[in-house]
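Just follow the structure's listing: the first ligand is 1, and inside any ligand the first atom is 1. Because the structure is predicted, anything quoted here is derived from the model rather than measured.
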Amino acid sequence: MKKQTIAIDTPYVRPDAYGALAMPVYNNVAFEFDDVSQMADAFCNRIKAPDYARMENPTVTNFELRVKALTGAAHVTAFNSGMAAISNALMAVVSQGKNIVSSKHLFGNTLALISNTFLRFGVKPRLRDLLNIEDVEEAIDEQTCCVFLEIVTNPQLEVADIKAIAEVAHRKNVPVIADSTVIPFTETSLNELGVDIEVVSSTKYISGGGTSLGGLVIDYGGYPSINQRLKYELLVNLGAYMTPQVAYLQTLGLETLDVRYQRQAANALWLAEALKNVNDIRSVNYVGLSDNPFYELSQRQFGPTAGAMLTIDLESKEHCFRFLNRLRLIHRATNLFDNRTLAIHPASTIFGFFPQRQLDQMDVRQTTIRFSVGLEAHEDLLNDILQAL
Ligand SMILES: *Cc1c(COP(=O)(O)O)cnc(C)c1O
């Protein structure tokens with residue numbers, strides 16, 4: 001079956017007692033057993049049955065199974081935020097004295113996690129230019145526990161050659177972990193490009209309308225010890241499993257993901273093309289524009305769509321602030337891939353705690369505005385941008 005069908009018609013683990021069509025929310029903590037030896041088997045993972053909702057809950061399991069069916073992954077684990085998914089996935093591979101090879105072009109909290117939090121536990125960041133494969137290859141050594149990358153970086157919109165990076169990593173038996181939040185996993189197979197573990201903030205496209213925080217670790221099974229540690233050590237000991245209410249909302253989101261995403265990506269492309277011809281805008285950055293330097297690579301790796309995030313550059317920070325204050329329809333807010341269009345000045349908000357020197361190193365400019373394009377009529381979005389300019 002095709003992804004649109006799988007997203008809706010993947011069967012539940014067990015049919016609901018009342019035949020409920022939408023998965024009920026199992027809003028409970030403990031599960032009862034008729035038989036004590038079965039209970040012991042469940043606790044010791046000899047049989048698969050929920051016993052306590054910090055480790056397993058049927059509503060969450062159902063959500064995980066749909067993602068598994070959509071991606072063809074070996075294991076999927078749902079967490080209570082994108083950062084929980086990222087930190088748990090990384091924690092499954094790091095240990096003291098090891099290093100993580102990654103980039104300075106990362107989501108702000110991920111960058112801080114790798115360069116501050118893990119460093120305190122003796123894990124070293126090796127932040128390189130992922131566009132330079134020799135640089136990446138040179139950085140990987142016996143102590144490297146993973147290569148971590150984002151498939152399209154935010155807000156630089158840089159695309160690395162994932163296949164080439166995976167080749168050099170796998171030659172040294174190092175797993176590749178990729179954050180695929182910016183283009184949904186229903187559009188492409190990152191595993192075919194060599195990604196071993198995919199991490200996603202399901203807060204974004206999947207939640208649909210910014211309803212709930214969530215995260216996914218999608219494990220393609222190339223390094224079996226990772227899932228073992230994630231499910232039977234970290235999920236239990238750190239307690240960041242997704243809650244059933246969130247799984248319910250995000251399962252509904254998954255059912256409409258494709259229609260929403262196609263519309264958002266088409267709106268983003270239309271808007272990027274329209275904004276290219278506007279005088280007061282110095283530049284438009286969108287990977288889906290055919291003259292973008294990453295266009296070919298993006299099409300090859302991620303298919304015909306290029307996500308719903310684009311940036312524009314104006315003359316100065318002051319111009320950006322004035323522009324943002326004048327918007328009437330587009331919302332001044334962070335988050336990505338809400339149903340409504342959002343605009344933000346990343347340098348003063350998401351990256352506001354970084355000193356200018358570091359912003360320069362990260363290529364986060366004071367002149368950049370980031371848009372997350374929603375489901376509205378594209379003419380209305382363009383009109384709002386034009387009046388604000
Ligand atoms: C939002 C985001 C995250 C963090 O996800 P949360 O659900 O907010 O914890 C991680 N990576 C990327 C690329 C994101 O856009």
Between ligand 1 and [X], is the shortest N or O to N or O distance under 3.5 Å?
X      : answer
Asn154 : no
Val182 : no
Thr110 : no

* Asked: Got a sec: does the CD of Glu296 have more than 12 other heavy atoms crowding it under 6.0 Å?
  -> no
Compare all side-chain heavy atoms of [X] with those of [Y] and state whether any distance is below 4.5 angstrom.
X      : Y      : result
Asn57  : Met242 : no
Leu389 : Leu314 : yes
Phe148 : Ile86  : yes
Leu90  : Cys146 : yes

* **Option from Glu137, Glu138, Glu134 for which salt bridge (charged side-chain N to carboxylate O under 4.0 Å, His left out) with Arg128 holds** => Glu138
* Does Phe107 have Lys204 sitting over its ring (NZ/CZ under 6.0 Å from centre, angle to axis within 45°)? -> yes
* Starting from atom 4 (C) of ligand 1, locate the nearest protein heavy atom and write down its residue, its atom name and how far away it is, to 0.1 Å. => Phe107 CE2, 3.5 Å
* **atom 8 (O) of ligand 1 - nearest protein heavy atom and its distance** => Leu213 CD2, 4.1 Å
* For atom 9 (O) of ligand 1, state which one of Glu150, Met309, Met83 supplies the nearest heavy atom. => Met83
* Which is closest to atom 11 (N) of ligand 1 in terms of heavy atoms, Thr334, Asp179, Asn335? -> Asp179
Counting from 1, what ligand 1 atoms have a heavy atom of [X] closer than 4.0 Å?
X      : answer
Ser201 : 1 (C), 2 (C), 3 (C), 5 (O), 6 (P), 7 (O)
Leu336 : 15 (O)
Ser81  : 7 (O), 9 (O)
Lys204 : 1 (C), 2 (C), 3 (C), 5 (O), 14 (C), 15 (O)
Ile86  : 10 (C)

* Any donor-acceptor N or O pair under 3.5 Å, side chains Asp35, Ser37 -> yes
* Assess the side chains of Gln245 and Ser212: does a donor N or O sit below 3.5 Å from an acceptor N or O? => no
* Report the part of Asn109 (side chain from C-beta onward, or backbone N, CA, C, O) that has a heavy atom under 4.0 Å from ligand 1; answer both or neither where that applies. => neither
